[in-house]
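Below, chains carry the letters A, B, ... as their sequence lines are ordered, and counting in each starts from 1. All values below come from the heavy atoms of this structure, side chains included, with hydrogens, waters and symmetry mates left out.
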2 protein chains.
Amino acid sequence: MPDHDKLNAPEATAARTERGLQTRERILDSAARLFYIKGVGSTTLDDVRAASSTSKSQLYDHFPDKTALIHAVIDVQSQSVLAREAGHLKGVRNLSGLRRWRDALVQSNMLHDGSYGCALGAMSSELSDNDERSRTALAAAFENWQRLLVEALTRLRDLGVLRSDIDPRKLGTGLLAALQGGYILAQNRHNPELMADALDMALDRIDSFANR
Amino acid sequence: MPDHDKLNAPEATAARTERGLQTRERILDSAARLFYIKGVGSTTLDDVRAASSTSKSQLYDHFPDKTALIHAVIDVQSQSVLAREAGHLKGVRNLSGLRRWRDALVQSNMLHDGSYGCALGAMSSELSDNDERSRTALAAAFENWQRLLVEALTRLRDLGVLRSDIDPRKLGTGLLAALQGGYILAQNRHNPELMADALDMALDRIDSFANR
DNA sequence: CCATTGATGGACGATATAGTCCACTAATGG
DNA sequence: CCATTAGTGGACTATATCGTCCATCAATGG
């Protein structure tokens, strides 16, 4: 594939070959995993370098500084989470669809006994008050996440599964908050059941709006 | 008051005078505030030193290292949060008492437009996967917090306000998760209303168990 | 096969931060 | 008033970590 030499973008990315792009992906993947497991602040660039089998110059060739790497990881994780969630939520047409969404999250959380929490929630908690750009990027991700939930709830309402007088926006907020809070409790006590209980309470509330 | 020279404790604290204890309090208060606002990892000992108007030697006279300071702050914040929550929850004898608990939290969150989140939740998210001792200390705090909620719900049940077949433990988990998740969403989007919505959904669920 | 450009490796420098040390001051008991 | 102990101030060291730089290697087009 021929290169295009597009230098028009405000933050022009230098021309890259296939090999260079793969290196970039490797760095991003490693950074995302380390940020998730150790936290952003506790991850050094040398950790990233080692985990991705690259060198210092490669890191700085692809990302001007650590902050830029963080922003890039936020984008990657946002897309990853939203893609996963869209996959689960787009097809929800009844209440058991929502329960399956819950089951998937709980099961995934059980795999590591609650540890690490939510990739977006953890970064938000750590970065929101220190880096405005990170905060807004994560805020956008959370808004999209909530939108997926609101759309699912609206769909259920329009299908007649839920009563017509519900407020999908508020219920979506509650659902997402229950999930995030569940992540925190489960992570802290190494007990995924707490996340299950939190989600169940929110889902029970939604069930109570079901048309019989 | 005469000194006692008690050197029996495993981690013997050196004898202290009133002045020394005040310095220690000043360090702890400053550290707690900075950890809360900037995060633990982003707060340097020099920040603490400056904020508390002390010197390096005083920091290390009272705390062997930064980790010890973190643990001490966790204790302080745990006691502070639990005292506050106990004050609000111990006297709850009807559903509007729970609503007042909610109102206090939401209002306090509005004061800084959602920023900073929950002192315990933020530290838990940042430290749980990196420092086992911090994790267990915070886990104990969360358990006690939840216990206050469970006790209030049990009281409402025993008073006949709530139906006798409710599960106070699960509802308490849901309530605490809604609060923690609400903190995260509110912090991230600078919008305390998200916390209000999250708490309301949990409270509405509890309302639905009220004896008419 | 050579020239040019991108990719790589790692040494190196600058700085921030945790932690040490010691001289000095304040307080207290005899 | 002296001696002893607690408390204080801040210079200093060691090290971790961000970020720079340049020499070398790989790939690709002519």
> Do the rings of Trp145(B) and Phe142(B) sit parallel, tilted or perpendicular, given the 30° and 60° boundaries?
Replying inline: parallel
> Considering residues, nucleotides and ligands other than Lys170(A), do more than 12 of their heavy atoms fall under 6.0 Å from its NZ?
Replying inline: no
>> Rounding to an integer number of Å, can you tell me how far Gln22(B) CD sits from dA6(D) P?
In response: 18 Å
>> Quick one about Gln58(A) and Arg26(A) (side-chain donor to acceptor, distance below 3.5 Å, no hydrogens or angles considered), yes or no?
In response: no
>> Let's test your reading of the pairing rules: Watson-Crick or G-U wobble, both distances under 3.5 Å, then write DNA chain C as a dot-bracket string with ( ), [ ], | and dots.
In response: ||||||||||||||||||||||||||||||
> Under 4.0 Å between a Lys/Arg side-chain N and an Asp/Glu carboxylate O for Asp200(A) and Arg99(A)?
Replying inline: yes
> Whole-Å distance between dT8(C) P and Leu21(A) CG?
Replying inline: 10 Å
>> So if I take residues 48-63 of chain B and measure heavy-atom distances to DNA chain C, which residues fall below 4.0 Å?
In response: Lys56(B), Ser57(B), Tyr60(B)
> How about Asn94(B) and Ser96(B): does a side-chain donor come under 3.5 Å of a side-chain acceptor?
Replying inline: yes
> Is Arg49(A) paired with Asp46(A) through a side-chain N to carboxylate O contact shorter than 4.0 Å?
Replying inline: yes
> Does any donor atom in the side chain of Asp47(A) or Thr44(A) lie under 3.5 Å from an acceptor atom in the other side chain?
Replying inline: yes
> Should the pair Asp103(A)-Arg100(A) be classified as a salt bridge under the 4.0 Å nitrogen-to-oxygen rule?
Replying inline: no
>> Would you say that more than 12 heavy atoms from the other residues, nucleotides or ligands in this model lie under 6.0 Å from the CD of Glu143(A), or not?
In response: yes
Sort me out a list of protein N/O and nucleotides 15-17 of chain C N/O pairs below 3.5 Å, or just none if empty.
none

> Under 6.0 Å from the CD atom of Glu85(A), do we count more than 12 heavy atoms belonging to anything else shown?
Replying inline: yes
